[in-house]
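Just follow the structure's listing: the first ligand is 1, and inside any ligand the first atom is 1. Numbering of residues begins at 1 and proceeds along the displayed sequence.
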Amino acid sequence: MSMTYSCGILGLGSSLPEKVLTNYDLEKIVDTSDEWISKRTGISQRRVLDEDKPAYQLGVDAAKKALDDAGIEAEELDLIIVTTETPDYLTPSMSCIIQSKIGAQKAAAFDLNAACSGFIYGMTIANQFIKSGYYKHVLVVGCEGLSKIVDWKDRNTCVLFGDGAGAAVLGPVEEGYGIITTHIGADGVLGKNITMPCCYIGPEDIQVRSGDNKKVLWMDGSEVFKFAVRIMEQATNKVLEDSGLSMEDIKLIVPHQANIRIIEGAAKRLKVSEDKIFTNLHKYGNISSASIPLGLNEAYREKLISKGDNLVLVGFGGGLTWGSVLVRWSK
Ligand code: UT7
């Protein structure tokens with residue numbers, strides 16, 4: 001006899017570096033202004049790691065808090081998925097480092113790179129393992145140190161990003177609660193719009209336009225902007241349709257925090273009032289795959305969600321990729 005389980009979020013945690021970099025600080029680094037950044041993005045400040053600090057420490061801290069919130073010991077974890085586009089090392093993976101630092105001896109561990117959509121991809125995989133009964137507890141950590149890869153001479157990108165981590169412990173929950181449906185997608189044809197060289201730097205395959213082929217992040221902001229507004233709407237509608245719910249049934253949307261104008265544009269298309277949409281990007285900027293778990297954790301700690309509430313988590317990013325999850329809160 002085969003059994004299936006409902007998979008939900010048992011615990012959440014997040015972690016941020018202490019150092020705050022304001023728009024005014026950035027005025028001293030590149031030709032920009034607080035007015036431009038605030039108006040065009042909604043960001044006022046971001047957190048950044050000290051140069052000599054690895055990003056995985058944020059992931060370790062977030063993971064410990066999520067385990068604590070779930071009331072689960074690290075030894076009880078079966079799998080750790082770390083979603084990141086800024087691993088401190090290609091090997092060992094960030095997930096293996098975090099596994100050792102939290103003492104999760106029993107857990108398998110791998111990194112997943114779907115850029116800013118990573119956490120949604122991670123939740124989607126965790127859901128499959130738990131639903132099938134193959135694993136009981138999966139830790140998904142979005143962990144990013146974007147300050148280490150942005151080009152601090154490029155005002156088009158360096159004002160947008162920040163560092164941080166958010167973690168969730170997923171496991172079996174009461175039937176009818178937890179993850180109702182998930183949706184992930186990719187369009188590699190559009191990948192050239194956000195690039196970050198790694199092992200290979202050269203003219204082949206994709207047009208890597210990072211300044212002078214340096215190992216820095218490069219982005220065609222307006223192309224990504226147009227894609228983002230469209231895909232946020234589509235991905236949100238997809239999980240609503242698949243779960244047979246309508247926007248009225250949704251308590252809160254936690255979107256990827258890239259630009260307030262992207263969120264407003266998507267909200268308008270979805271005909272949803274902005275008070276249903278969680279935002280914190282003014283404080284942290286875009287933290288790639290950490291932004292959704294960090295936002296969800298803040299919404300949870302601020303008691304904006306309670307048991308039975310339907311939530312939509314939705315994101316997009318490099319790849320280009322996108323994803324959405326509909327969760328019925330089970331805590
Ligand atoms: O997580 C997924 C990855 N990324 C994103 O989601 C980002 C998506 N894109 C965006 O958020 C927006 O496109 C940006 C915030 C990147 C740019 O905003 P925009 O309204 O699309 O501006 P733009 O790129 O059209 O640039 C407008 C002007 C340009 O000057 P000119 O050519 O019109 O003279 C830029 O050089 O603004 C200039 N500019 C700046 N000025 C002051 C670009 N960055 C800055 C800056 N400070 N930091």
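- There is a side-chain donor-acceptor pair under 3.5 Å between D111 and S95.
- Judged by the shortest distance from any of its heavy atoms, A228 lies outside the 4.0 Å radius around the atoms of ligand 1.
- A donor-acceptor pair under 3.5 Å is formed between the side chain of D163 and the backbone N or O of L146.
- Nearest protein heavy-atom contact of atom 47 (N) of ligand 1 is T32 OG1, 2.6 Å.
- Residues T124 and N127 bring no donor and acceptor atom of their side chains to less than 3.5 Å of each other.
- Ion pairing between a basic and an acidic side chain is recognised when a charged N comes within 4.0 Å of a carboxylate O; K136 and D78 show no such pairing.
- In this structure, K101 fails the cation-pi test against Y56, since its NZ or CZ atom is not both closer than 6.0 Å to the six-membered ring centre and inside 45 degrees of the ring normal.
- Less than 4.0 angstrom separates some heavy atom of V159 from each of these atoms of ligand 1: 48 (N).
- Protein heavy atom closest to atom 11 (O) of ligand 1, with residue, atom name and distance, is N259 ND2, 2.7 Å.
- Relative orientation of the H256 and F316 rings is perpendicular, given thresholds of 30° and 60° on the angle between their planes.
- Set against the non-hydrogen atoms of R40, the atoms of ligand 1 under 4.0 Å away are 19 (P), 20 (O), 22 (O).
- With hydrogens and angles left out, the side-chain atoms of T279 and Q257 include no donor and acceptor closer than 3.5 Å.
- There is a side-chain donor-acceptor pair under 3.5 Å between E298 and Y284.
- Proximity of V30 to ligand 1, defined as any heavy-atom pair under 4.0 Å, is not found for any part of the residue.
- If you check the side chains of T86 and E144, you find a donor sitting under 3.5 Å from an acceptor.
- Note: W322 and H183 have tilted aromatic rings, judged against thresholds of 30 and 60 degrees for the angle between ring planes.
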Verdict with reasoning, Y121 to T83, per side-chain contact (heavy atoms from CB on, under 4.5 Å): CA-CA 8 Å; Y121 270 66; T83 67; 5.8 Å; no
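- Nearest non-hydrogen protein atom to atom 39 (N) of ligand 1 is W36 CZ2, 3.4 Å.
- Close approach of ligand 1 to I262 is summarised as follows: ligand atoms under 4.0 Å from at least one heavy atom of the residue are 6 (O), 8 (C).
- Interface of S222 with ligand 1, defined as ligand atoms under 4.0 Å from a residue heavy atom, comprises 13 (O).
- The part of T41 lying near ligand 1 is the side chain, judged by heavy-atom distances below 4.0 Å.
- Among the atoms of F316, none of the N or O lies under 3.5 angstrom from an N or O of ligand 1.
- Every atom of ligand 1 with a heavy atom of I194 under 4.0 Å away is listed here by number and element: 3 (C).
- The protein reaches atom 9 (N) of ligand 1 closely, with a heavy atom under 4.0 angstrom from it.
- When distances from atom 32 (O) of ligand 1 to the protein are checked, no heavy atom turns up under 4.0 Å.
- Side-chain contact, R269 with N237: no donor N or O sits under 3.5 Å from an acceptor N or O.
- The protein reaches atom 44 (N) of ligand 1 closely, with a heavy atom under 4.0 angstrom from it.
- Of the heavy atoms in N286, only side-chain atoms (C-beta onward) come closer than 4.0 Å to ligand 1.
- Residue M219 has at least one heavy-atom neighbour below 4.0 Å for each of these atoms of ligand 1: 3 (C), 4 (N), 5 (C), 7 (C).
- Of the protein's non-hydrogen atoms, R155 NH2, 3.0 Å is the one closest to atom 36 (O) of ligand 1.
- The protein heavy-atom contact nearest to atom 19 (P) of ligand 1 is R261 NH2, 3.6 Å.
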